[in-house]
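Following: one structure in structure tokens, then a few remarks.
Because the structure is a prediction, the values reported are computed rather than measured.
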Amino acid sequence: MEHAIKQFLLHHSLTLFGTDVSSGMVQVQRTKKEVSGDLTLLLFPFVKALKASPQELGEKIRVALISEFKGIQQIEVLGGFLNIHLSSEYWVNALEDIQKNPNFGSEKPESKPLLMVEFASPNTNKPLHLGHLRNIFLGYSVAEILKANGHKVIKTQIINDRGIHICKSMLAWERFSPLNDQGERETPQNTGLKGDKLVGKYYVEFDRNFNAEAKSIIGRWEEGNFESFSDPVVAEFKRLTEAKEGKDEKALAGIEDKIKDLAKNQTTLLRDVKEMLVKWEARDPQVYLLWTTMNNWVYQGFDVTYKSIGVDFEKSYYESDTFLLGKDIVVEGLQKGVFYKKEDGSVWIDLTDSGLDEKLVLRSDGTAVYMTQDIGTAVDRYKDYPEMNGIIYTVGNEQDYHFKVLFLILEKLGYSWAANCSHLSYGMVDLPSGKMKSREGTVVDADDLIAEVVEKATEMTRERGHLEGMTDPAKEHLFNTIGLGGLKYYLLKVDPKKRMLFNPEESIELNGNTGPFIQYTHARICSLLSKANYSAGTIQECPLNDEEKEVIKLLTEYPSVIAEAGQTLSPAVLANYMYELVKSYNHFYQTVPILIETDENLKRMRLAMSASVAKVILSSMKLLGVEVPERM
RNA sequence: GGUCCCGUAGCUCAGCUGGAUAGAGCAACGCCCUUCUAAGGCGAAGGUCAAAGGUUCGAAUCCUUUCGGGAUCACCA
């Protein structure tokens with residue numbers, strides 16, 4: 001209707017106003033709640049351009065619209081606003097359309113170009129944590145939303161399975177794992193630990209030993225023992241030590257960090273781990289076997305977590321597969337003059353003409369860096385899916401700069417599709433105690449968190465749920481649905497771009513703007529419908545009260561909400577819409593009788609409305625990756 | 001220091017392509033289960049939209065400056 005009115009005014013602008021009006025001038029929006037009416041046309045833009053009074057203009061438009069649209073019941077001009085009242089008939093027809101359409105809100109599947117959505121993207125040296133969960137839920141939901149917008153979508157993850165950080169866990173495991181009776185080092189099998197947790201443990205172990213070694217080196221230096229250290233290092237240490245004289249606390253800390261870095265660079269652990277990386281890139285069989293084994297432990301661990309949260313991928317990319325391609329492209333780019341080589345053999349790109357810095361793309365020892373792999377991965381993906389119309393990278397906003405540079409490099413390399421790549425940048429998750437820091441042990445482990453929310457849901461549902469006659473597996477499933485649903489909704493309802501606070505208590509809350517609140521409304525409607533033996537059918541015209549009209553109005557907005565969520569890549573748009581819908585339905589539910597209504601037409605309409613609300617809840621929660629129970 | 005993001009009720013967040021009196025939830029207070037699931041509803045309370053200028057008929061929304069918070073500027077990923 002909004003669109004029709006807008007088109008009508010544009011087409012008849014000459015006869016109405018005596019001049020053409022631009023499409024931007026015709027602003028039709030929902031009427032504010034406090035004012036009576038359904039749609040509002042803003043008269044201000046015309047007043048200004050045509051130099052006529054709002055009353056005069058409003059009257060002209062009023063007459064024209066009323067005679068044109070039979071769905072319009074009444075129009076009043078209030079100040080600079082023209083408020084349009086639509087008839088009950090119009091709303092009842094709208095409801096009937098919604099009721100009849102099984103895919104209400106969504107575009108035709110696969111009617112739009114292929115998009116790739118990358119999310120999760122874990123490192124294989126650390127277990128998943130709360131930050132990953134925001135990433136995963138967000139990426140998954142955005143993929144679903146894009147599908148609902150008609151796109152074909154490939155969900156993918158990039159597995160960060162190479163690089164020096166992986167070698168750290170490997171080295172630490174080889175060196176520090178205790179041997180059992182059979183002379184075996186620790187494995188998931190002989191410890192019962194989840195694979196990702198075991199590998200993560202050795203990553204931490206590396207760091208501990210690494211720091212300890214650096215500390216002992218500094219200790220030796222401070223005692224004046226410089227045996228086996230090169231002259232430049234010793235000179236640098238002395239220079240830094242002297243620089244400490246008379247500095248304030250902050251500057252002092254900076255210098256000590258530099259000394260620490262200097263010492264870290266002299267550790268045998270770092271030397272060995274670098275050696276391991278070079279061996280790995282040279283496909284050394286022993287190193288490769290160790291790498292494959294430990295990575296498989298991690299994947300098995302991740303799979304358990306993914307399965308528990310109902311997330312899957314169509315395709316996974318491994319950096320170990322793409323970094324070589326990246327290196328090749330760098331060599332090519334070097335020949336083309338996109339990159340340049342420094343004296344030490346390292347390869348760089350100069351982005352200063354774009355207002356950025358110089359960026360390293362290949363180390364002096366010839367090994368790949370993060371950027372090298374990402375170049376290779378992007379190109380590899382377009383090789384796999386030449387028809388693809390874009391890649392959406394779901395990655396935290398601390399990497400805004402990285403992606404800016406990546407897309408620019410791809411463009412400079414001459415890939416026209418670089419313009420279609422975009423970074424879905426999301427904010428960090430803070431804890432009430434502050435930032436999550438793995439080094440300080442303040443990360444929230446994903447598996448622990450999931451277990452916790454499910455446990456809480458179990459407790460609450462046993463207390464107040466309607467579980468009579470449910471089988472035990474069905475109950476388990478319900479507890480999972482509620483716990484996970486609450487967690488997903490909690491993380492998704494906030495604008496992705498914004499940094500958010502994770503409050504453990506609020507995340508398992510059941511009242512207010514929460515997943516369970518919405519799930520509950522759905523369950524209640526299902527109960528209502530089954531009691532009424534409801535089945536869809538035609539609805540007779542009947543008068544509508546304010547509560548009913550409000551709910552139907554919101555229902556009609558669902559398709560545009562999906563479109564907006566797709567455009568802005570924001571599940572939060574959907575979540576907030578759904579909350580509004582559910583709130584207004586609950587208000588209706590509490591004020592208006594349904595089953596005991598004696599007027600059959602009214603009862604039918606109210607049931608159809610309830611069924612439509614349930615349908616939209618189910619559909620939009622699915623787009624958030626949240627299941628919705630029929631009873632709870 | 002350069003670049004980017006953020007600042008709305010005690011707390012967590014909506015609202016931001018400029019439009020009518022800035023909205024929710026939580027917390028705290030008062031009501032409503034012999035009508036359908038009270039994980040619900042209703043009411044009252046809570047605001048210098050960080051501050052100051054500017055643009056406009058009209059600014060939480062756009063521009064500038066200041067203040068406050070954060071990210072980033074690695075031969076880490």
Side-chain angles (χ1 to χ4, degrees), chain A residues 24 27 29 31-35 40 42-45 47-48 78-81 83 121 123 125 160 162-166 168 261 274 319 342 344-348 355-357 359-371 373-374 396-402 404-405 425 427-428 430 432 435 457 460-461 463-466 482 486 490 493-495 497-503 505-506 509-521 523-529 531-532 572-573 575-576 579-580 582-583 586-597 606 610 631-632:
Chain A
Q27 294 176 46
Q29 48 195 234
T31 304
K32 279 233 153 194
K33 265 205 180 113
E34 304 78 35
V35 186
T40 294
L42 297 185
L43 296 171
F44 301 103
V47 170
K48 200 178 169 191
L78 204 71
F81 303 93
N83 294 323
S121 312
N123 282 349
N125 57 353
N160 211 326
R162 55 136 261 130
I164 199 142
H165 57 293
I166 309 298
K168 287 181 182 175
D261 283 344
K274 277 183 171 169
E319 290 190 338
K342 286 195 177 171
D344 60 5
S346 57
V347 180
W348 298 72
L356 305 176
D357 294 328
K359 190 82 190 173
L360 178 87
V361 290
L362 212 56
R363 288 197 191 95
S364 53
D365 63 5
T367 55
V369 289
Y370 185 30
M371 191 59 77
Q373 323 176 141
D374 269 5
N397 63 8
E398 70 271 18
Q399 292 192 37
D400 285 355
Y401 184 74
H402 172 78
K404 212 166 151 183
V405 171
S425 160
M428 285 192 157
D430 283 330
K435 219 179 129 175
M460 295 308 285
T461 307
E463 198 175 295
R464 57 177 101 171
H466 302 74
I482 297 173
Y490 181 82
K493 72 176 174 186
V494 180
D495 182 346
K497 290 196 294 295
K498 289 195 179 166
R499 167 182 270 265
M500 72 176 286
L501 185 82
F502 182 86
N503 183 327
E505 270 123 55
E506 273 179 29
E509 189 51 60
L510 309 167
N511 307 315
N513 189 357
T514 65
F517 166 75
I518 292 167
Q519 290 172 321
Y520 178 77
T521 302
R524 207 164 56 172
I525 294 176
C526 287
S527 156
L528 183 76
L529 295 177
K531 281 193 178 153
V573 168
N576 288 317
Y579 177 58
E580 216 185 313
V582 164
K583 249 195 328 176
N586 281 342
H587 175 65
F588 154 83
Y589 178 88
Q590 212 80 208
T591 359
V592 181
I594 303 169
L595 289 182
I596 55 166
E597 173 58 55
R606 287 173 190 162
S610 304
R631 47 188 289 205
M632 66 187 272

### Task
Check every strand shown and say whether A:N83 touches a base, only sugar-phosphate, or nothing at a heavy-atom separation below 4.0 Å.
base
### Task
May I ask you to verify if any side-chain N or O of A:N511 is less than 4.0 angstrom from the OP1 or OP2 atom of B:A39?
no
### Message
Using a heavy-atom cut-off of 4.0 Å across all strands, would you classify A:Y401 as base, sugar-phosphate, or nothing?
### Response
sugar-phosphate
### Query
Does the pair A:I594 and A:F588 meet the rule for a side chain to side chain contact (heavy atoms under 4.5 Å, CB included), with working shown?
CA-CA 10 Å; A:I594 303 169; A:F588 154 83; 3.8 Å; yes
### Task
Give one of base, sugar-phosphate or nothing for A:K583, where a contact means two heavy atoms less than 4.0 Å apart.
sugar-phosphate
### Message
Please classify the nucleic acid contact of A:N123 as base, sugar-phosphate, or nothing, using heavy-atom distances under 4.0 Å.
### Response
sugar-phosphate
#### Entry: P gap between B:G58 and B:A20, integer Å
14 Å
#### Entry: Complementary nucleotide of B:C67, counting Watson-Crick and G-U pairs under 3.5 Å
B:G7
### Query
Any ion pair linking A:K497 and A:D495 (charged N to carboxylate O, less than 4.0 Å)?
yes
### Query
Does B:A20 have a Watson-Crick or wobble mate here (both distances under 3.5 Å), and if so which one?
none
### Query
Looking only at atom types and distance, does a side-chain atom of A:S346 sit under 3.5 Å from a main-chain N or O of A:K342, one as donor and one as acceptor?
no
### Query
Taking atom P in both B:A27 and B:G41, what distance in whole Å separates the two?
13 Å
### Query
If you measure from the C1' atom in B:U8 to the same atom in B:G47, how many Å do you get, rounded?
8 Å
### Query
For A:R606, which contact category applies under a 4.0 Å heavy-atom criterion: base, sugar-phosphate, or nothing?
nothing
### Query
Which part of the nucleic acid, if any, lies within reach of A:E505 when heavy atoms closer than 4.0 Å are counted: base, sugar-phosphate only, or nothing?
nothing
### Task
Please report the shortest heavy-atom distance between A:K359 and A:M371, naming the atom on each side.
CE-CE, 4.1 Å
### Summary
Closest to the side chain of A:Q399, out of B:G40, B:A77, B:G19, is B:A77
### Task
For B:C73, measure the glycosidic angle (O4'-C1'-N9-C4 for a purine, O4'-C1'-N1-C2 for a pyrimidine) and name it syn if it falls within 90° of 0, otherwise anti.
anti
### Task
Using a heavy-atom cut-off of under 4.0 Å over every strand shown, decide if A:H466 touches base, sugar-phosphate, or nothing.
base
### Per A:R499 side chain, nearest of listed nucleotides B:C4, B:A71, B:A14
B:A71
### Message
Need one value for A:V592: base, sugar-phosphate or nothing, where a base atom within 4.0 Å counts as base even if backbone is also close, heavy atoms only.
### Response
base
### Query
5'-most contact on RNA chain B: A:D495 or A:N397, nearest heavy atom basis?
A:D495
### Message
What contact category does A:V494 fall into here, base, sugar-phosphate, or nothing, at under 4.0 angstrom with non-hydrogen atoms?
### Response
sugar-phosphate
### Query
To the side chain of A:K531, which of B:U12, B:A71, B:C36 is closest?
B:C36
### Atom P, compared across B:C11 and B:C67: separation rounded to whole Å
24 Å
### Task
Decide yes or no for A:T31 and A:F81: does some side-chain heavy atom of the first lie under 4.5 Å from some side-chain heavy atom of the second?
no
### Query
In Watson-Crick or G-U wobble terms, both distances under 3.5 Å, what is the partner of B:U72?
B:G2
### Message
Base, sugar-phosphate or nothing for A:T367? Non-hydrogen atoms, less than 4.0 Å.
### Response
nothing
### Query
Judged by atom type as modelled, is there a donor-acceptor pair below 3.5 Å linking the side chain of A:T521 to the main-chain atoms of A:F517?
yes
### Task
Using the P atom on both, measure B:G54 against B:C73 and round to a whole Å.
40 Å
### Query
Given B:A39, B:A14, B:A77, which nucleotide is nearest the side-chain atoms of A:K498?
B:A14
### Query
Distance check: side-chain N/O of A:H587 vs OP1/OP2 of B:C42, anything under 4.0 Å?
yes
#### Entry: Donor-acceptor contact below 3.5 Å, side chain A:R363 vs main chain A:A368
yes
### Task
Determine the minimum heavy-atom distance between A:Q373 and A:N160, stating which atoms define it.
NE2-OD1, 4.2 Å
### Query
Using atom P of each nucleotide, how far apart are B:A60 and B:A9 to the nearest Å?
15 Å
### Message
Considering every strand and a 4.0 Å limit on heavy-atom distances, what is the contact class for A:L528: base, sugar-phosphate, or nothing?
### Response
base
### Task
Select base, sugar-phosphate, or nothing to describe what A:I594 touches, counting heavy atoms under 4.0 Å on all strands.
base
### Strand partner of B:G30, provided both Watson-Crick or wobble distances fall under 3.5 Å
B:C42
### Query
With a 4.0 Å cut-off on heavy atoms, is A:M500 in touch with a base, just the backbone sugar-phosphate, or nothing at all?
sugar-phosphate
### Task
With the side chain of A:E319 defined as its heavy atoms from C-beta on, choose the nearest nucleotide among B:A77, B:G40, B:A24.
B:A77
### Message
What's the closest nucleotide to the side chain of A:E506 if the choices are B:A39, B:A77, B:U12?
### Response
B:U12
## Note on the structure
On RNA chain B, more 5' by nearest nucleotide between A:L595 and A:R464 is A:L595
### Query
Can A:Y589 be said to stack with the base of B:G41, given centres closer than 5.5 angstrom and planes under 30 degrees apart?
no
### Message
Give me the distance, rounded to whole Å, that separates B:C33 from B:U37 when you measure between the C1' atoms they each carry.
### Response
11 Å
### Message
If you only use heavy atoms from C-beta on, which nucleotide in B:U3, B:C76, B:A20 is closest to the side chain of A:T31?
### Response
B:A20
### Message
Distance check, P atoms only: B:C6 and B:A22, in whole angstrom units.
### Response
24 Å
### Message
Looking at B:G47, which nucleotide sits across from it as a Watson-Crick or G-U wobble partner, both distances under 3.5 angstrom, or is there none?
### Response
none
### Query
Heavy atoms under 4.0 Å, any strand shown: does A:T461 hit a base, just sugar-phosphate, or nothing?
base
### Under 5.5 Å and under 30°: A:F517 stacked on B:G40
no
### Query
Is there a donor-acceptor contact under 3.5 Å from the side chain of A:R499 to the main chain of A:D430?
no
### Message
From C-beta outward on A:Y520, which listed nucleotide comes closest to its side chain: B:A71, B:A77, B:G40?
### Response
B:G40
### Query
With both distances under 3.5 Å as the test, what is the Watson-Crick or G-U wobble partner of B:A14?
none
### A:R363 side chain near B:A74 phosphate (N/O to OP1/OP2, under 4.0 Å)
no
